[in-house]
Every structure is written in C-alpha cells, then in structure tokens.
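Written out below as structure tokens is the structure these notes cover.
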Amino acid sequence: MYVALTLVFSPISYGIINLRVANILIGLVPIIGWPAVLGQTLGVFVTNQSALGDPLGPIDLINVIPTFLFSFLLWKLKNKSVLLGLTLYSVALGITVSYAVSYASNGQAPFFALIPLVTPGIFLATAVLGYIMYKSVKRLGVLQRMFPN
C-alpha cells in the first residue's frame with residue numbers, strides 16, 4: 001500500500017513539498033506493531049529508488065534509517081504517547097529529507113533553509129493525518145484483533 005500510494009501521488013511525494021500521502025499509514029504502526037515497522041521501512045526503501053522515479057537519486061535512501069528507527073520508537077511509545085511518536089518521526093524525517101534535497105541540489109537549496117519548508121508536509125501526512133488514521137482504526141477495533149501486540 002505504501003509503495004502504491006507514493007507512486008500514485010508522486011508529484012507531491014518527493015522533494016520540497018514532500019506531502020507523502022502514504023505516510024498516513026504510519027498511524028497503523030502502534031496498532032500492528034513490528035510488521036508495520038518493517039512494512040513502513042520497506043515501503044520507504046522501495047519508493048526511494050531512482051528507478052521508480054525518486055528525483056533525488058540514491059541519497060534519498062538515507063531516509064530508510066530514520067524511518068526504521070522512528071517507526072520502531074513510535075511502536076514502543078504506543079502506551080505513552082502516539083502523538084509524540086508521530087511528531088518525533090516527522091521532525092526526524094523533516095531533517096533527513098531536507099539534507100537529501102540539499103545534497104541533490106548540490107547545495108543550491110541550503111539545508112537549514114529547507115527544514116521549515118520540507119517538515120510541514122511530512123508533519124501533516126504523518127502526525128496529523130496519521131494520528132487521525134490511528135484514532136479511527138483503533139476506535140473500530142478491527143486490527144487489534146488481528147494484531148494483538
């Protein structure tokens with residue numbers, strides 16, 4: 001699902017806008033657990049391939065690392081604060097995506113100037129819409145029966 005959503009919405013999934021609709025799925029990590037951490041990470045790895053249209057090139061693969069680490073952290077924070085976990089994920093990815101965009105532009109887009117431009121799109125998809133996804137699915141209770149983590 002992650003790969004399909006990223007590719008369908010590819011014009012806004014990469015670069016400075018970085019409103020990756022697929023990041024809404026991260027709201028399922030606290031419910032599904034480890035399989036969702038791995039799925040999110042694999043989805044980022046696949047969609048950040050130049051062969052699939054990632055305009056930043058191989059540097060964008062750097063984002064697989066914070067995706068894994070902060071998805072895992074989100075899963076572990078599920079009993080404390082899902083919103084905090086989603087926010088930390090958004091900030092971490094805002095920083096690393098800004099680095100990748102700056103690197104891909106050969107420094108023409110300054111790293112520190114990019115952070116406040118890139119992070120809001122990530123935050124909207126991840127912390128805002130991802131949290132709505134989390135609350136909605138949790139309220140329905142369907143996945144909790146399938147993934148009692």
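Throughout, numbering of the chain's residues begins at 1 and tracks the sequence. In this text, all values refer to a predicted model and were calculated from it rather than measured experimentally.
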### Message
I want to check something: taking the side chain as every heavy atom from C-beta on, are Y89 and Q40 in contact at a cut-off of under 4.5 Å?
### Response
yes
### Query
Is there a donor-acceptor contact under 3.5 Å from the side chain of N18 to the main chain of G15?
yes
### Message
Check the orientation of F68 and F72. Use parallel for under 30°, tilted for 30 to 60°, and perpendicular for over 60°.
### Response
parallel
### Message
Give me the atom names and distance for the closest heavy-atom approach of V3 to T47.
### Response
CA-CG2, 3.5 Å
### Message
Working to the nearest 0.5 angstrom, can you tell me the gap between L19 CG and I12 CD1?
### Response
4.5 Å
### Query
Can you name the nearest heavy-atom pair linking S90 to T126, along with the distance?
OG-CB, 3.4 Å
### Task
Decide whether a cation-pi geometry holds between R20 and Y14; the criteria are a distance under 6.0 Å from NZ or CZ to the six-membered ring centre and an angle within 45° of the ring axis.
yes
### Query
So, for V46 and L52, which heavy atoms are closest and what is the spacing to 0.1 Å?
O-CD1, 3.1 Å
### Task
Examine distances only and state if a side-chain atom of N23 and a backbone atom of A125 form a donor-acceptor pair shorter than 3.5 Å.
no
### Query
Distance from S71 atom OG to L28 atom CG, nearest 0.5 Å?
11.5 Å
### Query
Taking the side chain as C-beta and beyond, is there a heavy-atom pair between V142 and V137 under 4.5 Å?
no
### Distance (rounded to the nearest 0.5 Å) between S105 OG and I59 CD1
11.5 Å
### Distance, nearest 0.5 Å, that separates CD1 of I26 from CG of L129
12.5 Å
### Message
Determine whether V97 and V101 satisfy the following criterion, side chain to side chain contact (heavy atoms under 4.5 Å, CB included), listing intermediate values before the conclusion.
### Response
CA-CA 6 Å; V97 170; V101 171; 4.2 Å; yes
#### Entry: Non-hydrogen atoms of K138 and I31 that approach each other most closely
N-CD1, 3.8 Å
### Message
Would you say that F111 contacts I95 through its side chain, given a criterion of any heavy-atom pair below 4.5 Å between the two side chains?
### Response
yes
#### Entry: Validation row: L88, L77 side chains within 4.5 angstrom (heavy atoms)
yes
### Query
What are the two closest heavy atoms between L5 and A22, and how far apart are they?
CB-CB, 3.7 Å
### Query
Can you tell me how far the CD1 atom of I32 sits from the NZ atom of K78, to the nearest 0.5 Å?
11.5 Å
### Backbone N/O of T6 and side chain of S13: donor-acceptor pair under 3.5 Å
yes
### Which atom of S98 lies closest to which atom of I115, heavy atoms considered
OG-CA, 3.2 Å
### Query
Is there a donor-acceptor contact under 3.5 Å from the side chain of S102 to the main chain of A109?
yes
### Query
Does any N or O in the side chain of N106 come within less than 3.5 Å of the main-chain N or O of Q108, such that one atom is a donor and the other an acceptor?
no
### Query
Any side-chain heavy atom of D60 within less than 4.5 Å of one from Q49?
no
### Query
Less than 4.5 Å apart, any side-chain heavy atom of V37 and any of W34?
yes
### Query
Out of curiosity, N48 CG to T67 OG1, how far, rounded to the nearest 0.5 Å?
7.5 Å
### Task
Measure the shortest side-chain to side-chain distance between Y134 and V82 over non-hydrogen atoms and say whether it is less than 4.5 angstrom.
yes
